[in-house]
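This report concerns only the one structure given below.
Labels below follow one simple rule: chain letters A, B, ... track the order of the sequence lines, proteins then strands, and each chain is numbered from 1.
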Amino acid sequence: MEKVLVIVGPTAVGKSDCGVRLAQSFFGEIISGDSIQVYRGLDIGSGKVTKEETQNIPHYLIDILNNKENYSVADFQLNARKYIDQISKDRKLPIIVGGTGLYIKSCLYDYQFNDQKEEKIDEKWNDMSNEQLYKVLQEIDPKACDTIHVNNRKRIIRALMIAQSGTTKSEIEQKQEHKLVYDALIIGLTCDREVLYSRINRRVELMIKNGLEDEIKSLLDQGITFEDQAMQGIGYREWKDYFQGNSTVDEVKTNIQTHSRQFAKRQYTWFNNQMDVCWFDIEQENWFEMCKEKVESWLHHE
RNA sequence: GGUCCUGUAGCUCAGUUGGUAGAGCAAUGGACUGAAAAUCCAUGUGUCGCCGGUUCAAUCCCGGCUGGGACCA
């Protein structure tokens, strides 16, 4: 199995910097595991690394789409695996760095996705209530209903779409072994919750100072709308009210901070419960040295 | 100085014709297989500003004190 180093953690802990330093130490190249940084022009709000910050370490899966395009887990899985392959063949170490838990898990584990061409959305679903949709799904794929709540309309519709292709969501998942497909070391960066929250607040403050408002303005000038997928990201969607004249920059800032904190909490829930993460506390004196040692021993262990 | 309004969960406020209270937001925990920075679920003890009075019983009625606000001098 190919070796893949992975760096995860909540927003604003310092994953990008850690990734670059580890890449320098171990001849690595970085694959971004992030759902927003794929978009060109979404720089400040997505916390994208700058040219200087990359330290000439190659970074893949950043700036690969224009801001009107859509992206999904399946796209990420395909792309990330392609780069893992390529980097490995170059005798370099692939390092996935990012905070999008589902994306990273789908790449590392044996997640399988259907050929989407066979799936279609049924117009009549739009007029049905959550309960009605749930009832339909119970007929077709009762097993899927176990993990989907009635109110989670998005998920119910997705499961119904899969069912249109001839197989079902639960059938696809049953075929999988839920095992890693790479020799992956998953490193998680963490710190005390209060410390993280003040880091987040400071970071958002800085984004505003660095011209986030102008970034949104220029995206809007390019024709992007708040309905586009790219604009669903934190740091972007909060500006809708402001540009419609219904809120102040200060309110936008507070909202971005709150949403970022809530996001960080959800990221912890994912990384703590969905993946086998080896955590390092960035407040500890020698955390980076310890982290390097961990990587070292993993690299030399066959 | 006078009149009136007001003080209930971290915040904004409901409410009890007297039987010790509940929404939204926040917070915390959780789920997650093609929007995932998305979507969804669960969790509410708080001296009902303080002191006293009436009452079997007060957060609610009465009196005083105190914080906030508005208006009149």
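Rounded to an integer number of Å, the gap from NE2 of A/H259 to P of B/C25 is 11 Å. The distance between atom CG of A/D141 and atom C1' of B/U33, rounded to the nearest whole Å, is 12 Å. As rounded to whole Å, 16 Å separates atom P of B/A31 from atom OH of A/Y268. The distance between atom CD of A/E173 and atom P of B/A31, rounded to the nearest whole Å, is 15 Å. Following rounding to the nearest Å, A/Q267 (CD) and B/U39 (P) show an atom-to-atom distance of 15 Å. Taking atom CD on A/E171 and atom C1' on B/U33, their separation rounds to 15 Å, with Å as the unit. Here the P atom of nucleotide B/A35 and the CG atom of A/L65 are 14 Å apart, to the nearest Å. Here the C1' atom of nucleotide B/C41 and the OH atom of A/Y134 are 12 Å apart, to the nearest Å.
When heavy atoms are screened at a 4.0 angstrom cut-off, A/Y109 is found touching no nucleic acid atom at all. Contact annotation for A/Q232: backbone-only contact, meaning every heavy-atom pair under 4.0 Å involves sugar-phosphate atoms and none involves a base. Counting non-hydrogen atoms under 4.0 angstrom, A/Q262 reaches the backbone sugars and phosphates but no base. Nucleic acid contact class of A/R153 (heavy atoms, under 4.0 Å, all strands): none. Counting any heavy atom pair closer than 4.0 Å across all strands shown, A/I162 reaches sugar-phosphate atoms only and no base atom. Here A/D146 lies out of heavy-atom contact (under 4.0 Å) with every strand. Across all strands shown, A/Q176 has heavy atoms under 4.0 Å from base atoms, whether or not it also approaches the sugar-phosphate. Here A/N273 lies in heavy-atom contact (under 4.0 Å) with sugar-phosphate atoms only.
A search for side chain to side chain contact (heavy atoms under 4.5 Å, CB included) contacts involving A/N246 returns A/D241, A/Q244, not counting sequence neighbours. Not counting sequence neighbours, the partners of A/Y60 by the side chain to side chain donor-acceptor pair (under 3.5 Å) test are A/E29.
Cation-pi contact between A/R21 and A/F288: present, with separation from the ring centre below 6.0 Å and deviation from the ring axis of at most 45°.
For B/G7 and B/A14, the C1' atoms lie 15 Å apart once the distance is rounded to whole Å. If you take atom C1' in B/A27 and the same atom in B/A9, they sit 12 Å apart, rounded to whole Å. Comparing the C1' positions of B/A26 and B/C11 gives an interatomic distance of 7 Å, to the nearest angstrom.
Judged purely by distance below 3.5 Å, without hydrogens or angles, the side chains of A/N79 and A/Y71 pair a donor atom with an acceptor atom. Using modelled atom types and a 3.5 Å distance limit, the side chains of A/T190 and A/Y268 yield a donor-acceptor pair.
The line from OH of A/Y182 to CG of A/L108 is 8.0 Å long, rounded to the nearest 0.5 Å. Atom OH of A/Y242 and atom OG of A/S247 lie 8.5 Å apart (nearest 0.5 Å). Rounding to the nearest 0.5 Å places CD1 of A/I234 at 5.0 Å from OG of A/S260.
Of the candidates B/A26, B/A37, B/C41, B/C41 carries the atom nearest the A/N151 side chain, counting heavy atoms from C-beta on. The side chain of A/S35 lies closest to B/A37 when the candidates are B/C32, B/A26, B/A37. Of the candidates B/A36, B/A37, B/C32, the closest approach to any side-chain atom of A/T269 belongs to B/C32. Listed candidates were B/A27, B/U33, B/C32. Nearest to the side chain of A/Q274 is B/C32. Of the candidate nucleotides B/U33, B/A35, B/C40, B/U33 has the atom nearest to the side chain of A/Y111. For A/R266, the side-chain atoms get nearest to B/U39 when compared with the rest of B/A35, B/U39, B/U28. When distances run from any side-chain atom of A/H178 to the nucleotides B/C40, B/A26, B/U33, the shortest one goes to B/U33.
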For A/K105 and A/Q274, what are the C-alpha separation, side-chain angles and deciding distance, and is it a side chain to side chain donor-acceptor pair (under 3.5 Å)?
CA-CA 8 Å; A/K105 190 176 183 187; A/Q274 295 284 331; 2.8 Å; yes
For side chain to side chain donor-acceptor pair (under 3.5 Å), just list the numbers for A/N66 and A/R40, CA-CA rounded to whole Å, side-chain angles, deciding distance to a tenth of an Å, and then say yes or no.
CA-CA 5 Å; A/N66 82 52; A/R40 278 178 234 114; 5.8 Å; no
Pair A/E215-A/Y236, side chain to side chain donor-acceptor pair (under 3.5 Å): steps then yes or no:
CA-CA 9 Å; A/E215 180 168 299; A/Y236 295 93; 2.6 Å; yes
Criterion side chain to side chain donor-acceptor pair (under 3.5 Å) on A/S72 and A/D75, from CA distance to verdict
CA-CA 5 Å; A/S72 78; A/D75 299 319; 3.3 Å; yes
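Within residues 201-208 of chain A, no residue is approached by RNA chain B to less than 4.0 Å at the level of any non-hydrogen atom. Contacts with RNA chain B (heavy atom under 4.0 Å) in residues 38-46 of chain A: A/G45, A/S46, listed by number. A heavy atom lying under 4.0 Å from RNA chain B marks the following residues of residues 234-255 of chain A, by number: A/I234, A/R237. Taking a 4.0 Å limit (strictly below) on heavy-atom distances, residues 95-108 of chain A reaches RNA chain B at A/G99, A/T100, A/L102, A/Y103.
For B/U66, the paired base is B/G7 (Watson-Crick or G-U wobble, both distances below 3.5 Å). In this structure B/A73 sits in no base pair that meets the Watson-Crick or G-U test at under 3.5 Å. B/A23 is paired with B/U12 under the Watson-Crick or G-U wobble criterion, all donor-acceptor distances under 3.5 Å. Nucleotide B/U47 has no partner under the Watson-Crick or G-U criteria, as no pair reaches both atom distances under 3.5 Å. When Watson-Crick and G-U wobble pairs are counted only if both distances are under 3.5 Å, B/C40 pairs with B/G30. Both distances falling under 3.5 Å, in either a Watson-Crick or a G-U wobble arrangement, occur for no nucleotide opposite B/U17.
Scanning all heavy atoms of the two residues, the minimum distance from A/T11 to A/A264 falls at CG2-CB, 4.1 Å. Between A/A159 and A/I148, the shortest heavy-atom distance links the atoms CB-CD1, 4.1 Å.
For the pair A/E227 and A/K240, the salt-bridge criterion is met [side-chain N within less than 4.0 Å of a carboxylate O]. Remark: A/D85 does not engage A/R81 in a salt bridge, criterion side-chain N to carboxylate O under 4.0 Å. Looking at A/K292 and A/E296, no side-chain N of the basic residue comes within less than 4.0 Å of a carboxylate O on the acidic one, giving no salt bridge.
Evaluation of atom-type donor-acceptor distances gives a pair under 3.5 Å for the side chain of A/R155 against the base of B/C32.
Both A/Q37 and A/R193 lie close to RNA chain B; mapped to their nearest nucleotides by heavy-atom distance, the more 5′-ward contact belongs to A/R193. Residues A/K169 and A/V150 each lie close to RNA chain B; by heavy-atom proximity, the contact nearer the 5' end of the strand is made by A/K169.
Between A/Y111 and A/F113, the ring planes are perpendicular. Angles over 60° get that label, and only those under 30° would be called parallel.
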